[in-house]
Amino acid sequence: MVGIARKSRVSRLGISGSLLWHSSALVVVAAMVVPFLWMASASLESLPQMLHYPPTLVPPRPEWHNYVSIFQDMPLARYLLNAVVIVGLSIVGQLLTCSLSGYAFARLRFTGSKALFAALMIALIVPPEVIVVPQFLLFKTVGGLNTYVPLVLPWWLVGAIGTFLFRQFFRSVPRALEEAAMIDGGKRWQVFRYVYLPLARPISTTVAIFTMVTQWNNLIFPVVFLQSNSLLPITVGITSFQSQYSTHWNLLMAATLLSILPMLLLYAFGQRYFVQGMATRGVEK
Amino acid sequence: MLTARPQTGAVTELCSPPELPRAKRHRWRELAEAAPFIGPTALGLFVFFLGPVVAAFVLGFTEWNVFTPPQWVGFASFSQLFNEPMFSQIVTNTVVFIAVTVPLSTVLGFFAALMFLRETRLSRFYRVLVFMPVVPSAVSVGLIWMALMQPQFGVINYLLKSVGLGQPGWLASTSWALPAIIIVSIWRNIGYNMIIYIGGLKGVSSELLEAGELDGAGYWRRVRYLILPLTSPTTFFAVIVGLISSFQVFDLTYIMTSGGPGYSTNTLPFYIYQQGFQDFSFGTASAAGDILFLLTAAIVGIGFVLQKRLVFYGD
């Protein structure tokens with residue numbers, strides 16, 4: 001364990017130091033969490049209650065009816081379903097292409113592999129706003145506007161972070177496994193399918209979760225490519241709800257809570273997968 | 001049916017072919033072998049990323065809206081942008097946003113990492129909570145803070161009032177709207193940077209730190225002279241990641257202010273969207289996009305130059 005991470009800090013900090021740590025930690029954590037708590041409490045208030053000043057953290061009479069209203073006022077279930085569809089399609093495609101390319105960059109030698117990988121990493125720094133206009137014009141020309149194709153197709157072909165993660169993972173697989181398989185007369189494809197892929201379950205989960213969060217939270221691509229209200233995922237749906245009901249803050253908070261609930265639940269149960277993708281990248285660079 | 005027999009590492013060394021210069025025949029064979037694996041990636045990269053970047057570059061020199069076909073106008077789109085009186089404010093807003101958000105969220109994330117570095121159950125629990133703002137979409141976060149920052153009944157102004165401070169108009173005020181978006185952005189990104197730094201801090205060698213402690217260096221001296229230099233690669237990485245995340249200012253602007261009041265929260269990402277998809281002026285949108293891309297490339301370039309001078313790798 002690293003020196004600064006040793007467990008017995010109380011003895012080194014002393015009582016006052018420990019008290020300082022606990023109180024400042026509570027302030028920091030409160031700052032991060034209270035907005036969510038307030039959102040939850042506001043979602044259960046009636047509108048006059050919410051506008052009541054000073055604001056109260058615990059609603060005296062929870063208005064559960066708010067949660068029924070939002071389903072009546074907008075196609076919330078549809079928005080959530082659409083988001084699930086987009087995310088599901090993206091995950092499948094991303095796992096397929098990134099496991100393949102991650103393996104290629106980890107284990108295959110071919111001309112231009114370094115340049116291609118560098119180009120892939122550079123694609124991370126490109127602002128999405130820059131590429132969204134040409135992509136829009138592309139799909140306007142070949143067709144595909146107002147469908148999920150522009151949103152999902154790129155994820156079936158390429159994924160910078162996914163490829164990076166798979167590559168890093170596959171590099172740590174002992175070469176001996178591969179050598180043994182090829183001595184047995186195996187072709188490259190079989191090595192991938194029967195040796196590397198079965199091992200890749202943990203990293204696949206990380207890539208899946210990363211794809212899920214990125215696609216679920218994405219705003220600019222659905223806003224640009226989707227026109228029909230019935231196709232909108234929850235991020236865009238929320239914005240149209242806000243423009244219609246801009247003063248009904250209690251309903252807005254209820255809708256927001258529902259829209260973030262899937263991600264928060266996923267986070268609650270699998271936070272190490274969320275964190276894994278981000279923490280390891282620092283080491284490589 | 002293929003089975004994988006685990007063997008010792010010695011087999012690897014015996015079986016790897018030596019590094020011979022590859023004949024041309026081998027090169028094509030290698031490419032053919034790799035093609036099904038990286039084909040989709042190469043295709044997707046060029047069609048959906050690099051191609052559009054080039055296209056955006058070219059389109060910046062055209063005038064194209066929905067009604068008329070594209071016409072080459074050279075630098076006219078660019079000069080039109082620069083003559084637009086609000087454009088300099090938009091660029092300024094963009095630069096200010098990045099210049100404040102990235103360093104502050106990185107520094108605060110660093111301190112959060114120091115604070116919650118221990119592997120105690122309490123620390124780990126706190127980490128989970130501090131990371132929570134990163135999880136929901138920027139749109140949702142924006143909505144929550146819109147409610148919090150409501151000038152009349154929002155919690156933020158209520159807290160400020162109870163300690164005797166002023167009551168800013170936040171999103172309704174031209175001077176407070178951009179700071180509001182900056183605050184939300186920093187709040188969101190602290191947890192992300194904390195995780196990055198915890199990863200980096202764990203790699204710091206304990207011997208060096210204990211040597212420092214034995215030499216009589218207090219905690220903060222150790223942080224400043226040992227930990228900071230040793231985690232400079234992490235800092236570099238965090239800044240780059242922070243830059244990439246800053247493009248999400250589009251999401252926050254879209255939901256919270258639509259660029260207003262006036263142009264006070266309009267930034268390049270949002271302006272590009274406005275030009276391209278509200279005014280349907282693809283030429284100017286691409287020109288603005290080129291400027292954003294150049295700005296980004298410049299910042300990354302500066303980062304790499306600074307890396308040579310300030311970042312220490314390994315021993």
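Every heavy atom of this structure was used, including side-chain atoms; hydrogens, water molecules and symmetry mates were not. Every chain is numbered from 1, with letters handed out A, B, ... down the list of sequences. Since the model is a prediction, treat every value here as computed from it, not as a measurement.
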If one checks every heavy atom of A/Ser24 against chain B at 4.5 Å, the contacting part turns out to be both
When the 4.5 angstrom heavy-atom criterion is applied to A/Ala255 and chain B, the contacting part is neither
Subject >> Minimum side-chain heavy-atom gap A/Met32-B/Ile190 below 4.5 Å >> reply: yes
Plane angle bin for A/Phe192 and B/Phe37 - parallel if under 30°, tilted between 30 and 60°, otherwise perpendicular = perpendicular
Below 30° counts as parallel, above 60° as perpendicular, anything between as tilted: where do the rings of B/Phe48 and A/Phe139 land? parallel
Pair count under 4.5 Å, heavy atoms only, with chain B: among A/Tyr267, A/Trp38, A/Trp189, A/Phe105, highest is A/Tyr267
With chain B, the option among A/Leu157, A/Thr239, A/Thr163 that has the most non-hydrogen atom pairs under 4.5 Å is A/Leu157
So, the part of A/Met263 with a heavy atom under 4.5 Å from chain B: the answer is both
If one checks every heavy atom of A/Leu261 against chain B at 4.5 Å, the contacting part turns out to be neither
* Asked: Should the ring pair B/Phe153 and A/Trp249 be called parallel, tilted or perpendicular, given that the plane angle runs from 0 to 90° and is split at 30 and 60?
  -> perpendicular
Under 4.5 Å to a heavy atom of chain B? For A/Leu108 that would be side chain
Is there a side-chain contact between B/Leu45 and A/Leu116, using heavy atoms and a 4.5 Å cut-off? yes
Side chains of B/Tyr273 and A/Val223 in contact at under 4.5 Å (non-hydrogen atoms):
yes
So, the part of A/Val28 with a heavy atom under 4.5 Å from chain B: the answer is side chain
_Below 30° counts as parallel, above 60° as perpendicular, anything between as tilted: where do the rings of A/Phe136 and B/Phe282 land?_
tilted
